Amino acid sequence: MASNLFVQAPEGVTKYTDRLADPCIMVIFGASGDLTKRLLMPALFNLHCGGLLSSEFAIIGIAFDSLDTESFRKKMTEDIKKFNTRKVFDENQWNEFVEKLQYTQGDFSDPEAYKRLAVLINATEAKLKTEGNTLFYMATPPSVFELVSSNLQSSGVKNSEKGWVRGIFEKPFGHDFKSAVELNRLLLKHWEEEQIYRIDHYLGKETVQNILAFRFANGIFEPLWNKEHIDHIQFSVMETVGVESRGKYYETSGVLRDMIQNHMFQMLSYLCMEPPSSFKPDAIRNQKSELLDAVRIMTPEMVRTHTVRGQYGPGKKWDESPAPGYRQEADVSPTSNTETFACLKLFIDNWRWDGVPIYLRSGKNLWKRGTEIMVQFKNPPDILGRGQSASNTRIPNRLFFHIQPDQGIELRVQGKSPGPTMSTQTINMRFDYSESFESSRGTGYEVLLYNCMIGDATLFSRTDLVETAWRIAQPIFDVWEKEPAGDFPNYPAGGWGPKKTYDLIENDGRIWVEVVSRDVLEKIPLFKDTGKIFLYNLAINLRPDIYAPGDFIIKKGEVGTEMFIISSGSVEVLDDQGKIINTMSDGAFFGELSLLNATPRTASIRATTDCDIFILSKKDFDRVLKTYPEFLSKIKKIAEDRYKVKMPTA
């Protein structure tokens, strides 16, 4: 199958090359806005620098601002210096590119504006010979899509007698299922389906597209890509920033609308769809549509048991500075019920995925930034564990797709640890785009704009895809609107999210697999000056968990086999009578005696705030020590000083 779907580069060719985009005129409605300066112009400039734009290409900006071509070019020149993504900004390349820009001022409801636009398009077409190809980009709110489309049609601007005419439409594609259906109806009054390109910049990221290549260009994985071999899937989109100046927008959106219903559902369809008959756009989009159509629609009771919503309260930013809660942000109601975090457990009711849970979560103001998909495979029979030590406890194989900020693919498998005994440890095989390919960082729009110019709609949503995604989300909206959350805010800014998110997956006998970077661990004093290999092995063995205020983390007298490291939050240490004898917070650790000799706990420890805690089990600790035995001496010394005991030397 792989050889029929992909065209491979010639042997020895490492630089990616492609056909030029078609000659065309790109008209940007809303050309003076943030989207144009932050994303569209940098993306178009990247295409120009990459030699992918035709020499017969021009941009016409139209907006209400009183600009002309000269002042528009000056404004874009100032903005590109702030927002370009080039490794080195080439002034000469920009001077060449900026000559392609023109501008006409106009109110989108004014018929005269479209007459002026038509004159400019015709003059540009006559000069450049763009073959009548015109691309209209709606960098506007969806509320004006129908207004602009109607005027383009009635004025004759989009009724080209030769060449192609296409329209790119920015999300959100509706506010709920009903409004999405209505928006599609209005667009289809003025456009044919094949002319409509609904853009989602997430789908322009290399790693998202590489999901398709990984699945269908490699024969070793497709036979495993089903319920017989995959235990479950985790999909996380995490942001370290809050809503900041977007409070007014976010109050009408929330993370379920803003992120999960569109970006995540679309990426999920690539991950789980059936193999297409070819890589033609409609062949892929047909399979995406079938996949989303198979997602189980939740009943109200399922919404209550299969979803978690959250809202951040005051806390700390990633740089340790204070962060306000969502309800303290500008333009946000002090009693807001808007979710800034959501977690869903979905099922796909088809032959391939029947019974395999898919956990999706996304949130703002969290402890790290990252978009990651983790596919966990089922364990093989425990042959190695028979008659062996407990250190051979099985750890499943896991496949990671890192979407952002670092793009790559990672496979964690088990291999034999060095030494005379048959014990295993996790081995990580990782492919990193930045280490394998030389390219400037993109905006995510480059591929999408280019694909639209050559008529490839693979990465754009079709009417049925949009409406099916809303159909999945609508029952969740309905229940959440009828039943306001009673525990908001339920996680601190800078934390890991609501505790109920961890309860949801742990109740199924599973855990969230967090990708922990060395940067996070190096902030903890215990791991200062330890080696790179040690931190790497430690990171893939840590288990995260959340404790609410009042939760006992350990109790005196229990024989434990785990050590706890506080990522954020505070705890209190209690004696036999429940008296507080000590407190601990970020970076502190406890339970190390259990790693050393499995003795009973010497005190009880209770969370006083929301606590995000890394847990290291004794069996994982023993594995890690094999790569860094010096750490054993360090932790023994800490235990001796803390508990006034003498630890055995062997």
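As the structure is a prediction and not an experimental result, all values here were calculated from the model. Count residues from 1 along the sequence. The figures here come from the full heavy-atom set of this structure, side chains too, leaving out hydrogens, waters and symmetry mates.
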Undergrad: Determine whether a donor-acceptor pair (N or O, by modelled atom type, separation under 3.5 Å) exists between the side chain of E339 and the backbone of V255.
TA: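 Yes; judged by distance alone, with no hydrogens or angles, the pair exists.
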
Undergrad: Which pairs, with at least one residue in residues 22-42 and sequence neighbours excluded, count as a salt bridge (charged side-chain N to carboxylate O under 4.0 Å, His left out)?
TA: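 The answer is R19-D22, D34-K37, D34-R38.
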
Undergrad: I'd like to check the side chain to side chain contact (heavy atoms under 4.5 Å, CB included) partners of T463; sequence neighbours left out, ordered by chain and number.
TA: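 With sequence neighbours excluded, T463 shows a side chain to side chain contact (heavy atoms under 4.5 Å, CB included) to N184, L188, E193, R198, E467, given in chain and number order.
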
Undergrad: So which pairs with a foot in residues 246-256 pass salt bridge (charged side-chain N to carboxylate O under 4.0 Å, His left out), sequence neighbours left out?
TA: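 Only R246-D258 qualify under salt bridge (charged side-chain N to carboxylate O under 4.0 Å, His left out).
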
Undergrad: Less than 3.5 Å apart, any donor N or O on the side chain of S236 or R361 sitting next to an acceptor on the other?
TA: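 Distance-only check passes for S236 and R361.
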
Undergrad: Give me each pair satisfying salt bridge (charged side-chain N to carboxylate O under 4.0 Å, His left out) with a member in residues 132-155, each pair once, sequence neighbours excluded.
TA: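 Output for this query lists E146-K189.
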
Undergrad: Just checking, any donor-acceptor pair under 3.5 angstrom between side chains of Y270 and Q209?
TA: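 No, no side-chain donor-acceptor pair sits under 3.5 Å.
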
Undergrad: Mind running salt bridge (charged side-chain N to carboxylate O under 4.0 Å, His left out) on R462 and D282 for me, showing each step along the way?
TA: CA-CA 9 Å; R462 210 167 51 190; D282 273 340; 3.1 Å; yes

Undergrad: Less than 6.0 angstrom separating the ring centers of F45 and F89, yes or no?
TA: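 When the ring centroids of F45 and F89 are compared, they turn out to be within the sub-6.0 Å range.
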
Undergrad: Using the six-membered ring wherever Trp is involved, compare the ring planes of W225 and W353 and label them parallel, tilted or perpendicular (cut-offs 30° and 60°).
TA: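 W225 vs W353 ring planes: perpendicular.
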
Undergrad: Are E170 and Y137 close enough that a side-chain donor and a side-chain acceptor fall under 3.5 Å?
TA: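 Result is yes, a qualifying pair exists.
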
Undergrad: Under 6.0 Å from the ring centre and within 45 degrees of the ring axis: does the NZ or CZ of R257 meet both conditions for the six-membered ring of F477?
TA: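 Yes, R257 lies over the aromatic ring of F477.
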
Undergrad: With no hydrogens and no angle check, do the side chains of D464 and S289 hold a donor and an acceptor under 3.5 Å apart?
TA: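 Side-chain D/A pair, D464 to S289: present.
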
Undergrad: Side chains of D200 and Q266 only: does a donor on one sit below 3.5 Å from an acceptor on the other?
TA: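 Side chains of D200 and Q266: no pair found under 3.5 Å.
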
Undergrad: Applying salt bridge (charged side-chain N to carboxylate O under 4.0 Å, His left out) as the test, list every pair that has at least one member in residues 173-184; sequence neighbours left out.
TA: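 Passing the test, one end in residues 173-184: E182-R185.
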
Undergrad: Give every donor-acceptor pair under 3.5 Å between a side-chain atom in residues 114-124 and any protein atom, sequence neighbours left out.
TA:
| unit_1 | atom_1 | unit_2 | atom_2 | d |
| --- | --- | --- | --- | --- |
| Y114 | OH | F108 | O | 2.6 |
| K115 | NZ | E112 | OE2 | 3.2 |
| R116 | NH2 | Q105 | O | 2.9 |
| N122 | ND2 | A118 | O | 3.1 |
| T124 | OG1 | Q102 | NE2 | 3.0 |
| T124 | OG1 | L120 | O | 2.8 |

